[in-house]
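Written out below as structure tokens is the structure these notes cover.
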Amino acid sequence: MESTMAEHVYVADIAQHEGKQVTLKGWLHNRSSKGKLHFLQVRDGTGTIQCVVFKGDVDEATFHEADHLPQETSLEVTGTVKADKRSPIGFELGVQAIRVVAKPVAEFPLGHKEHGVAFLMDNRHLWLRSARQTVIQRVRHTIIKSVRDYFDDRGFTLFDAPILTPAACEGTSTLFEVPYFDMGKAYLTQSGQLYGEAGALALGKVYVFGPTFRAEKSKTRRHLTEFWMVEPEVAYMDLAGDMDLMEDFVENIVGKVLEKHEKELATVLERDLTVLKRVKKPFPRITYDEAIERIKAAGHPINWGDDIGGDEETVLANQFDRPVLVHRYPAEMKAFYFKKDPANPKVALGCDMLAPEGYGEIIGGGQREDDYDTLLAAIDAAGLPRSAFEWYLDLRRYGSVPHAGFGLGIERTVGWICGLHHVRETVPFPRLMERLTP
RNA sequence: UCCUCGGUAGCUCAGUUGGCAGAGCAGCUGACUGUUAAUCAGCGGGUCCGUGGUUCAAGUCCACGCCGAGGAGCCA
């Protein structure tokens, strides 16, 4: 075999090299053969291109080996870039030389036929090489980048909250425990929000962005035990301002993903783009009261004060063609730190955003209680130990202001935008109730 | 935590009334100048999840256990 000495290029940039000899460095995704032609599908992380090995173009040894390389052989292929209408990417490579970097020591477990979910999850580290999974991870990257850009461009400061925390932010039953030296137990955070509030009073506008842990024994397509959440918090913002921020933020994210991945979403993930293209301000805003009436009218038995369950959520979301904001939930259903509506103390100034098509709640947020006495009473009423919240109460003792924020779940957002059936595909290595490996 | 379904070849699955363990794909050997889930010919491939029980005989029936999937509740 000849040495591969042409310029190394990526498949994504192949169009700039038409007619030239180049070297691709990647992996053998698939292979087929037709007599004096061997077709090698080579992927390099940026794309996949068909490399055509013609018997007359290479020596006998190369031609023979090209027909016997196993799937996922790592290799360098040198050849001439040729435009070809039959190619999905418009180009293919006429091969002159192949250099095998490493041959698999055993058969690659994931063939090109159907596989069950359990098998794919066991081989998650290899499954990530598939076209579908690489597109999802690229979309995830774009979503995270657009989240950061959105806040960075608007004067927010990134504010990292701790992952090890001394106590529950909201409840106590769903926390992962970690032994912590002589101090007893620490817990993995289930929200950075309380710390974000401290940040907002220091820096004005902040966003917490990090992993979050919930030890809930939930087995549904919307749940992971470890997930990523972005939580902006803004001083001097009320609920109305919070909802304005939510919808502008989500419109921006969806727009950025469409800008960058429209083709991949449509072809590889077969996503219905018309749904995504409708995600434009203003989003419909309804009160919890109206939500209950709408669910009742749709024939589902539900009463004021009930939680809106998964099915009801879908019924409601399906009545709108874009994400819907549901605000002013019964105060009893919400965490202690929500501010009550001065016009009706039975409801909290909270707001959830429900994604269309049954993807459920992607945002939860609202205005925080800023009055010291009221907050203290709420902590007592919730049966929470006052001592654990002394620092949080300090935020009301010293320079308290109206403030609001929300949390957006990254995985649910990725799942919705990509049109996936389960959030387990939205993160490289999902952590589920009964799965900790790989 | 509860409910439902499942575990048979590398993968996806079939297996009748309890009676010799099967198919497709993948793999291997070869043919073919346009395949991209190629096609064609040939070949190899099994701890039927585990333990115990019923029976002349269990992949099949019973009990318990393990593992997985789907859903509920709860949540982002």
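Quick note on labels: first sequence line is chain A, next is B, and so on, each numbered from 1.
One atom, CG of A:Leu436, and another, C1' of B:rC67, lie 15 Å apart when rounded to the nearest Å. If you measure from atom CG of A:Asp67 to atom P of B:rA38, you get 13 Å, rounded to the nearest angstrom. Between A:Gln50 atom CD and B:rA38 atom C1' there is a gap of 11 Å when expressed in whole angstrom units. In this entry the distance linking CD of A:Glu72 with P of B:rG27 reads 13 Å, nearest Å. Protein atom CZ of A:Phe39 is 13 Å distant from nucleotide atom P of B:rA37, rounded to whole Å. When the C1' atom of B:rG34 is taken as reference, atom CG of A:Leu93 falls 16 Å away, rounded to whole Å. Taking atom CZ of residue A:Phe63 and atom C1' of nucleotide B:rU33, one finds them 9 Å apart after rounding to whole Å.
Where stacking is scored as ring centres under 5.5 Å apart with planes under 30°, A:Phe227 registers as stacked on the base of B:rA76.
Among the heavy atoms of the strands, none lies under 4.0 Å from A:Asp352. Within the nucleic acid shown, A:Glu107 comes within 4.0 Å of sugar-phosphate atoms alone, with no base atom in reach, counting heavy atoms only. Across all strands, A:Ile410 comes closer than 4.0 Å to no nucleic acid atom at all (heavy-atom distances). A:Lys55 comes within 4.0 angstrom of no nucleic acid atom, judged by non-hydrogen atoms across all strands. Across all strands shown, A:Ser33 has heavy atoms under 4.0 Å from base atoms, whether or not it also approaches the sugar-phosphate. Note on A:Glu92: a base of the nucleic acid sits closer than 4.0 angstrom, heavy atoms only. Among the protein residues, A:Thr220 comes within range of the nucleic acid bases, having at least one heavy atom under 4.0 Å from a base atom.
The A:Asp311 side chain lies nearest to B:rA72 when the options are B:rA72, B:rG34, B:rU35. Comparing B:rU36, B:rA76, B:rG73 by their nearest atom to the side chain of A:Gln41 picks out B:rU36. Closest to the side chain of A:His422, from the set B:rG70, B:rG34, B:rA76, is B:rG70. You'll find that the side chain of A:Arg424 is closest to B:rA69, out of B:rU33, B:rG27, B:rA69. Nearest to the side-chain atoms of A:Val117 among the listed nucleotides B:rA69, B:rC74, B:rG34 stands B:rA69. Comparing atom distances between the A:Leu37 side chain and each of B:rC74, B:rG34, B:rC32 picks out B:rG34 as nearest. For A:His115, the side-chain atoms get nearest to B:rC11 when compared with the rest of B:rA38, B:rA69, B:rC11. Which of B:rU33, B:rA76, B:rU12 sits closest to the side chain of A:Met229 comes down to B:rA76.
In terms of position along RNA chain B, the nucleotide closest to A:Phe119 lies nearer the 5' end than the nucleotide closest to the other residue of the pair A:Phe119 and A:Pro70.
Using a 4.0 Å cut-off between charged side-chain N and carboxylate O, A:Lys334 and A:Asp352 make a salt bridge. Salt bridge status for A:Asp44 with A:Lys25: absent, with no side-chain N to carboxylate O gap under 4.0 Å.
Nucleotides B:rU1 and B:rG65 are separated by 13 Å at their P atoms, to the nearest Å. Separating the P atom of B:rG70 from that of B:rC62 is a span of 26 Å, rounded to the nearest Å. A gap of 24 Å separates the P atoms of B:rG50 and B:rU4, to the nearest Å. When the P atom is compared between B:rA37 and B:rG18, the two are found 44 Å apart, to the nearest whole Å. With C1' as the reference atom, B:rC20 and B:rA57 are 12 Å apart, rounded to whole Å. When the C1' atom is used for both B:rA58 and B:rU47, the distance is 16 Å, rounded to whole Å. If you take atom P in B:rA9 and the same atom in B:rG22, they sit 14 Å apart, rounded to whole Å. Remark: the separation of the P atoms in B:rA72 and B:rC11 is 30 Å, to the nearest Å.
In summary, the side chains of A:Gln193 and A:Glu233 do not present any donor paired with an acceptor at a separation below 3.5 Å, with no hydrogens or angles considered. Residues A:Ser87 and A:Gln50 have side chains that never bring a donor and an acceptor to within less than 3.5 angstrom of each other. Side-chain contact of A:Thr23 with A:His8: a donor-acceptor pair under 3.5 Å is absent, judged by distance alone. A donor-acceptor contact under 3.5 angstrom links the side chains of A:Gln96 and A:Thr80, judged on distance only.
Remark: A:Lys34 is not in phosphate contact with B:rA38, judged by side-chain N or O atoms under 4.0 Å from OP1 or OP2. In this model, the phosphate group of B:rU35 is not approached by any side-chain N or O of A:Asn30 to a distance below 4.0 Å at OP1 or OP2. OP1 or OP2 of B:rG30 lies within a sub-4.0 Å distance of a side-chain N or O belonging to A:His68.
Base pairing of B:rC64: its partner is B:rG50, meeting the Watson-Crick or G-U wobble criterion (both donor-acceptor distances under 3.5 Å). Look at B:rU16: it lacks any Watson-Crick or wobble partner with both distances under 3.5 angstrom. A 3.5 Å limit on both hydrogen-bonding distances identifies no Watson-Crick or G-U partner for B:rA58. The partner of B:rG70, taking Watson-Crick or G-U wobble pairs whose two distances both stay under 3.5 Å, is B:rC3.
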Next item on the list: Could you check A:Asp242 against A:Gln367 for side chain to side chain contact (heavy atoms under 4.5 Å, CB included), going step by step and ending with a plain yes or no?
Entry: CA-CA 8 Å; A:Asp242 202 23; A:Gln367 189 172 340; over 6 Å; no

Margin query: One pair to check against ring pair (Phe, Tyr, Trp, His ring centres under 6.0 Å): A:Phe336 and A:Phe389. What are the steps and the verdict?
Written below: CA-CA 12 Å; A:Phe336 72 91; A:Phe389 292 93; 5.3 Å; yes

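Applying the 6.0 Å contact sphere to CZ of A:Phe91 captures more than 12 heavy atoms from other residues, nucleotides or ligands.
For a distance-only test at 3.5 Å, the side chain of A:Arg412 qualifies as a donor-acceptor partner of the base of B:rC75. For B:rC75, its base never sits under 3.5 Å from the side chain of A:Ser218 at any donor and acceptor pair. Between the base of B:rG27 and the side chain of A:Gln71 there is no donor-acceptor pair shorter than 3.5 Å. Looking at A:His223, its side chain comes within 3.5 Å of the base of B:rC75 through a donor and an acceptor atom.
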